[in-house]
Protein chains: 2
Amino acid sequence: MTAVWQCQGVTSTSTGAVRQGSLRELNLAVVLRRIAAADRPPSRADLAAATGLTRATVSAVVDDLIAGRLVTEADPAPRAGAGRPARGLVLAADGPAGLGLEVNVDYLAACVVDLTGTVRHHLVRRADLRPVSPADTLDRLAALAAEARAAAVREGLTLAGAALAVPGLVSDGGLVRLAPNLGWRDVDVPRLLGGRPLAEPVDGIPPLVVDNEANLAALGELHAGPPGSASFLHVSGEIGIGAGIVLDGALYRGARGWSGEIGHIPVDPRGRTCRCGGQGCLERYAGQEAILAAAGLPGADLPADTAAARLADLAAAGDPATLTALTDAGTALGVAVAGVVNLLDLDTVVLGGGYAPLARWLSPPVVAEVSRRVLTAAWAPVTVRPAALGAQSAAVGGAASVIRRIIDRPVGWLARSG
Amino acid sequence: MTAVWQCQGVTSTSTGAVRQGSLRELNLAVVLRRIAAADRPPSRADLAAATGLTRATVSAVVDDLIAGRLVTEADPAPRAGAGRPARGLVLAADGPAGLGLEVNVDYLAACVVDLTGTVRHHLVRRADLRPVSPADTLDRLAALAAEARAAAVREGLTLAGAALAVPGLVSDGGLVRLAPNLGWRDVDVPRLLGGRPLAEPVDGIPPLVVDNEANLAALGELHAGPPGSASFLHVSGEIGIGAGIVLDGALYRGARGWSGEIGHIPVDPRGRTCRCGGQGCLERYAGQEAILAAAGLPGADLPADTAAARLADLAAAGDPATLTALTDAGTALGVAVAGVVNLLDLDTVVLGGGYAPLARWLSPPVVAEVSRRVLTAAWAPVTVRPAALGAQSAAVGGAASVIRRIIDRPVGWLARSG
DNA sequence: TCATTTAATTCAACCACTGAACAAATTACG
DNA sequence: CGTAATTTGTTCAGTGGTTGAATTAAATGA
């Protein structure tokens, strides 16, 4: 019997019938989501009013959640007026947690996020991984993951699942089809990580999800960013340019999980030829190599992080070539982003990955192009902002995707040991 | 030890609580959807097997559906082997129906679609509506709708809702912000149609939905097109160029309902200036006016339908200027569409509206650009096809959106009179 | 101190699904 | 031709989970 490894969200057309027990299953999720989304610890009565369920039902559901270590009673929120004081309910900080992993060109990262969304641990190992074989890289990653897990367990946390971000195309089953900057091609991550368990088995939560770095970074921003922007585009500027698309609070992955290829939107059809075969692709104007070349920096070989830092230093020092390069890149990016915003009617654009430290200089030209080209900008402005988590977005987003699964379907966790 | 953990897409969409009665409500929808999606009339036993519910439950649910005129028993499907013959279940053809309406530059349309998806009536009134005031136009539309309704009622149908397609931006509440080709600005459709009821009031179904023509046309293609393509882009070439985006079988409307503005994706940033303020927008290369001008046709004043027909005639006759114009337009369209397909990972592109009759000449250059520029085209080909419904897509799609609402939540209809 | 107010629990009633037994309607086979 | 096999659909007691009202709990205020 083979283990089922999952990669991306299943396009679940499953017309799930609602059986007797599903009722409780669904209400557990409803109540837990409400607790997670509240800005103030709600009481059972608050939850009853908000969900439309009876107080009796809410009490029963909450009892289950507390017994399963998903929810804890907090100090009563101070309330004016008479009446028995409410007992506030909050997500438990010592229950399940998610493990977020990231492999990138110049570092490995592992982080642990608990149910409340707090980043409990964050480990980063810097190293140039391009000369390292995939197997060795994943060995090092597994060691880092084990370290993070041990630290989490010491604090009483239980890792309920793991998500790995890679800078490349991932297909179902965790197969990395192509990660050009790492030099990976058809790397079967679950097989190479095979024996080493990263997390406890929990029903409904795959032990390891492998996903595109831009996708998970977008989830990280959804998780950490200011509330209210439920539809946004997260643009990651690395050597390639990837985008994570969040629509109505959910990551959109595309028909095959390969959405977000924004780097080859044409910004100048008669312009520079691109390795993809097209002409004038965005990547040739706003990709890292293009910016470095335009700034007069020879180091096309620099790891991603370092390159962005170098550019930020030069720009901060007022280097004219760098400033021009960033303005031009921002303009190209703005052209492409404006097209996307027009198409999808988004209200927010997040500059992440390598763009995060450069956002100060990239934003103005992006904003200029967007407000010039987006038809509805007059009625409803488009926000352009740097990533709240910066370069950590992907690992945190991966971990957050695990806890999100628990919150969306708590019965899987509750059915665990008990 | 690794166990088998199957991934399960979390389905629950609404944050609404699941109350006692919701159980039946949800299962009514599950069973009805199954019947609608089946290619052969299923028996109660088939449904039980497919949904996981008990045969007893399915029987009870089906009884409700039959009592509510949503489902009928059909002739038993011939089956080999022993056993009591099954009674096939099909959607009722004499129950609720949807009314689809369309206002366009040169015609008004109304159509009636029943639960089975059959177009029962389709009325079109050709007239140049640009000189007509919005109020007068809507008066005529109401008359046409009344005619369609009378015909439907004569056949025993009950109109459960109506959807109106307009070529413009629509905001919540049915306010048409801007329909440039009609010359409409801030037209309050519900108010102008005010007193005249278009459909019976049914719980959960708005009596009139006003939506962008491209959106409803995309729904029409989803309804009528070949199954299997649940994520596609429907491009409508009129004077402007609109796109309806269907993701995972659902129309994506954007944060404010204004998605699909594909006409201003830049295909040549240093090219022709556009009325939107940008440069080199797609509309200036593949819009109707641009194609007509390139083909050497003076009649920029032609109504949309006629223009497409004229171009098709000329192209069929082999007129060189027209053929070149169409190839160039197709190339520009292909550049833009390739960007969208890369971004959203779509597997199908539908050429509709004014493009439908021209698809024979537009498709090749579109396909060429798409296969050249879409990175994943090598792994999974992208289909480019003309709209199955042609110019009728929008009205039919509007009607189909009504019956879809009934199928997705039948309890609203059942709670009606019966 | 006692009425008032709000929070949370308890408990009988009820609704909808479950599972098994049964009736119905056909084919398979001796 | 008649009986067994087979599959469909219904009936009915049983059960899980929600409901609504009554009850208990814990505070404020006069």
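Heavy-atom basis, side chains included; hydrogens, waters and symmetry copies ignored. Each chain gets a letter, A, B and so on, in the order its sequence line appears, and its residues count up from 1.
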| message | By the 4.0 Å heavy-atom rule, please label B:Arg44 as base, sugar-phosphate, or nothing. | response | sugar-phosphate
Does C:dT9 have OP1 or OP2 sitting under 4.0 Å from an N or O in the side chain of A:Ser59? yes
query: Do side-chain atoms of A:Glu73 reach the backbone of A:Gly88 as a donor and acceptor pair under 3.5 angstrom?
result: no
In short, A:Asp408 meets A:Ala29 closest at the heavy-atom pair O-CB, 3.5 Å
ask   = Taking it one step at a time, do B:Leu65 and B:Leu28 satisfy side chain to side chain contact (heavy atoms under 4.5 Å, CB included)?
value = CA-CA 7 Å; B:Leu65 293 174; B:Leu28 283 166; 3.7 Å; yes
Whole-Å distance, B:Leu28 CG to C:dC15 P, equals 16 Å
- Residues B:Asp203 and B:Arg416 bridged, charged N to O under 4.0 Å: no
Taking only side-chain N and O atoms of B:Asn27, does any of them lie within less than 4.0 angstrom of OP1 or OP2 on C:dA16?
no
Any donor-acceptor N/O pair, A:Glu155 side chain to A:Asp94 backbone, under 3.5 Å: no
Heavy-atom nearest pair, B:Pro42 first then B:Leu47, reads CG-CD2, 4.0 Å
Counted 5' to 3', the first and last nucleotides of DNA chain D within 4.0 Å (strictly under) of a heavy-atom of chain B are D:dT6 to D:dT19
From CG of B:Leu23 across to P of C:dC14 the rounded distance in Å is 19 Å
Between CD of B:Glu25 and P of C:dC15 the distance, given in whole Å, is 17 Å
N/O donor-acceptor pair, side chain A:Gln20 with base C:dA16, under 3.5 angstrom:
yes
request  = Would you please confirm or rule out a distance under 4.0 Å between OP1 or OP2 of C:dT18 and any side-chain N or O of A:Arg19?
outcome  = yes
When rounded to whole Å, the CG to C1' distance for the pair A:Leu89 and C:dA7 reads 12 Å
Using a 4.0 Å heavy-atom cut-off, does B:Ser43 contact any base of the nucleic acid, only the sugar-phosphate backbone, or nothing at all? sugar-phosphate
Review point. Within the structure shown, what part of the strands sits under 4.0 Å from A:Ala56 by heavy-atom distance: base, sugar-phosphate, or nothing?
Key: base
Nearest-nucleotide check on DNA chain D, B:Arg84 vs A:Ala60; residue mapping nearer the 5' end is B:Arg84
Taken to the nearest whole Å, CD/A:Glu73 to P/C:dA7 is 14 Å
inquiry  = Applying a 4.0 Å non-hydrogen cut-off, can you work out what B:Arg55 is touching in the nucleic acid: base, sugar-phosphate, or nothing?
reply    = base
Nearest heavy-atom contact between A:Ala97 and A:Val112 is CB-CG1, 3.9 Å
